[in-house]
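Structure, as structure tokens:
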Amino acid sequence: MKELVSSLSFRDKVLLIAITCLILPAISTFTVYNYLTKDAVKEQAISSAQNELKLTNEYLKKEFEDMLYTLNFIQLDTELNTIFKYPSSYSSAFENGTEYEEFINDQKVQQKLDTITLLDQKAYVTILLNSGKFYTNYSFHEFNPLNLKNESWFKILSRLKGYQSIWIAPQPTMIASERKNNPFQLSVARPLRDSNQGVYGYAVVTVMENRIIDILNSENTDHSMVLLNERNELIAKNHYFDWELTDAVTEKLGRNTSDVMTIKSEKYLINSRELSITGWKLISLNPYDNAISKINAIFKRVFLVQAIAFVLFLFLLVYLLRKILNRLVDLKNLAQKVQKGDLSVRSAAQGNDEIATLSTSFNLMLDKVNEVIEENTLTQTRKRQAELAMLQAQINPHFLFNVLNSIRMKVMMKGDYDSAGMISSLSKLLRITIDKHKGLIPFHEELAINKDYIRLMNMRKRHEIELKMEVSIETSNIKLPRLVLQPIIENAIIHGLNEQEGHILIRANYTHPNFTIEIEDNGTGMNNEQLNRVQESLSNTGVDSSGKSEQSKGFSSIGLSNVYERMALTFGEGFLMQVHSVPKKGTKVSMFIPIEKEENHV
């Protein structure tokens, strides 16, 4: 066998392997198909039934949630609570002269009860107060609400706590006009309590049986579906209902169960689901043959299509492999020539398939190799030119700083120390502005920069500005983007102090993980309109951060918005900037910076 295989050409080996890899899995698949299909059909049928039951459960849940919402509205509505707790006996109302007020209150309650549910989702609401008074959204002639106090479940209400409710079903229909079409109803009741947990009344919301039956009679349902209470008593059923079958499985099923059972020599797919709100049980009962009929038909069609497709594909595969593999031999010969160093050869394979694409890619690769060889020398030359240009760009700033230092030394030798200090401060500011390698600098360097800036400003202006600092030592090495304090200080000098005499105070403290910086001046401050404009410009940062309100050149063009955006990009969404101002007293800008890593301030 080994000799036979080794004697085959590459093309024949690929054909043999391809056919073997197709036939063996196909035979295995067809052998176990019936066995696997049986389990898959059952699982799919159970899954479909569970999905249908889950959908029905969601509709019922929505219905019950609407009833609870009505109770919550009655219990939590402030106006209704005030009216319910107001002394409501007619005799006291007459004696105190509040009969008209009592009438108005009754009208308010009645209006809310009449509109508390939609017309197509009619719910009957009953409110019984301890004073003997009651409110309903139905006529007294339909049902006397005081009869509810005679029901056995009514005594349980006073023992409920907080917002607990009880669900009552099945229950004979109490509304006279509904009895013909709805023999049964279901209700939810709850005591009404005040802030001292005292019960001052009771609320009951009732819906008719047809509301639940409409949900169970879904257009996608073609089998029995029934809703039972916690005692397995019938609440509602659809028109496929067979109580004899349902009764046979009720005790066998748990709260959430799916299984196939044999009842009276016939298999049934049974699903049970507990309703989360009421604790009731929803059961669907479907003949198994009916449940799997559609799925089984699909599996059979798929099997037939697969068998036909396999035979056709096998013949087509053999034909195409023979045709395609012949061109692989040509590519192999071409690769051998390239291996010997001949980069001028090219493949002549044509078409739109993978072999043609590989051939085209091979030709492009050879073209690229030639281009790379030709461009390598030019690239090295350009790289050298770029390095020289970069070196020249570095020489210019250093030359400027050296000249400034020379001027500073000559000025100092002549005894003009103020001018020398001004040149030194200017040199430092220029260096930190031009140096692109310093993205983040320690906080103490930022403070030193602003000391130099204030020194320069005081030399320019007639009125000196005093810079005060209250900075804790823990903040010294915390790194910030450079020049974040200078635009705020410049705004304080130009707009806050109006270039008059005053002081600017910088506070900074660090309590892990929060770093707080405050810049406060004792200038003219801002009115509410100006302050709102500033805060709006900060909130719109990112939309337009160009600083339209700051047209001056130099450092001040950075602007508050730019400072905010740079800090937010550096420290993330946890960064916060606030501006507070009082007219004629001054302005304070506060920055709250999250420092996530301990090493940032070590």
Side-chain angles (χ1 to χ4, degrees), residues 1-30 33 302-303 305-397 434-440 481 542 565-566 569-570 572:
M1 180 63 68
K2 290 182 180 180
E3 292 179 357
L4 177 61
V5 173
S6 61
S7 63
L8 296 175
S9 65
F10 173 75
R11 181 186 62 181
D12 294 334
K13 289 178 182 178
V14 173
L15 288 172
L16 179 62
I17 293 172
I19 294 172
T20 303
C21 291
L22 282 174
I23 292 178
L24 291 180
I27 294 175
S28 301
T29 301
F30 294 152
Y33 180 80
V302 170
F303 175 79
V305 171
Q306 286 179 338
I308 296 174
F310 172 77
V311 175
L312 295 176
F313 180 76
L314 182 60
F315 284 105
L316 182 62
L317 177 66
V318 172
Y319 170 76
L320 292 178
L321 282 177
R322 283 181 174 274
K323 188 173 182 179
I324 292 171
L325 291 175
N326 288 335
R327 295 192 293 168
L328 281 176
V329 176
D330 297 335
L331 284 177
K332 181 199 72 170
N333 296 332
L334 185 65
Q336 289 176 345
K337 292 181 181 180
V338 173
Q339 185 178 5
K340 294 178 181 180
D342 186 2
L343 299 180
S344 63
V345 296
R346 294 293 183 270
S347 173
Q350 300 294 327
N352 298 318
D353 57 7
E354 288 78 2
I355 300 299
T357 303
L358 179 61
S359 175
T360 302
S361 299
F362 193 81
N363 291 339
L364 292 175
M365 180 189 68
L366 293 175
D367 294 338
K368 189 65 177 178
V369 169
N370 288 327
E371 290 177 5
V372 169
I373 293 174
E374 292 174 358
E375 293 178 359
N376 184 50
T377 303
L378 180 61
T379 301
Q380 293 298 325
T381 303
R382 290 178 178 175
K383 182 179 180 182
R384 181 58 181 168
Q385 292 175 348
E387 290 175 351
L388 292 175
M390 183 179 299
L391 179 60
Q392 181 63 38
Q394 293 175 349
I395 292 174
N396 293 334
I434 297 174
D435 192 352
K436 298 181 179 180
H437 298 289
K438 285 194 174 184
L440 298 177
E565 185 173 8
R566 291 167 60 210
L569 289 173
T570 302

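Shortest non-hydrogen contact noted between P481 and L440 is N-CD2, 3.4 Å.
The distance from atom CZ of F362 to atom OG1 of T357, rounded to the nearest 0.5 Å, is 15.0 Å. Between the CZ atom in R346 and the OG1 atom in T360 there is a gap of 12.0 Å [rounded to 0.5 Å].
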Compile the donor-acceptor pairs under 3.5 Å between side chains in residues 334-345 and protein atoms, sequence neighbours left out, one pair per line.
from, atom 1, to, atom 2, distance (Å)
D342, OD1, S344, N, 3.1
D342, OD1, S344, OG, 2.5

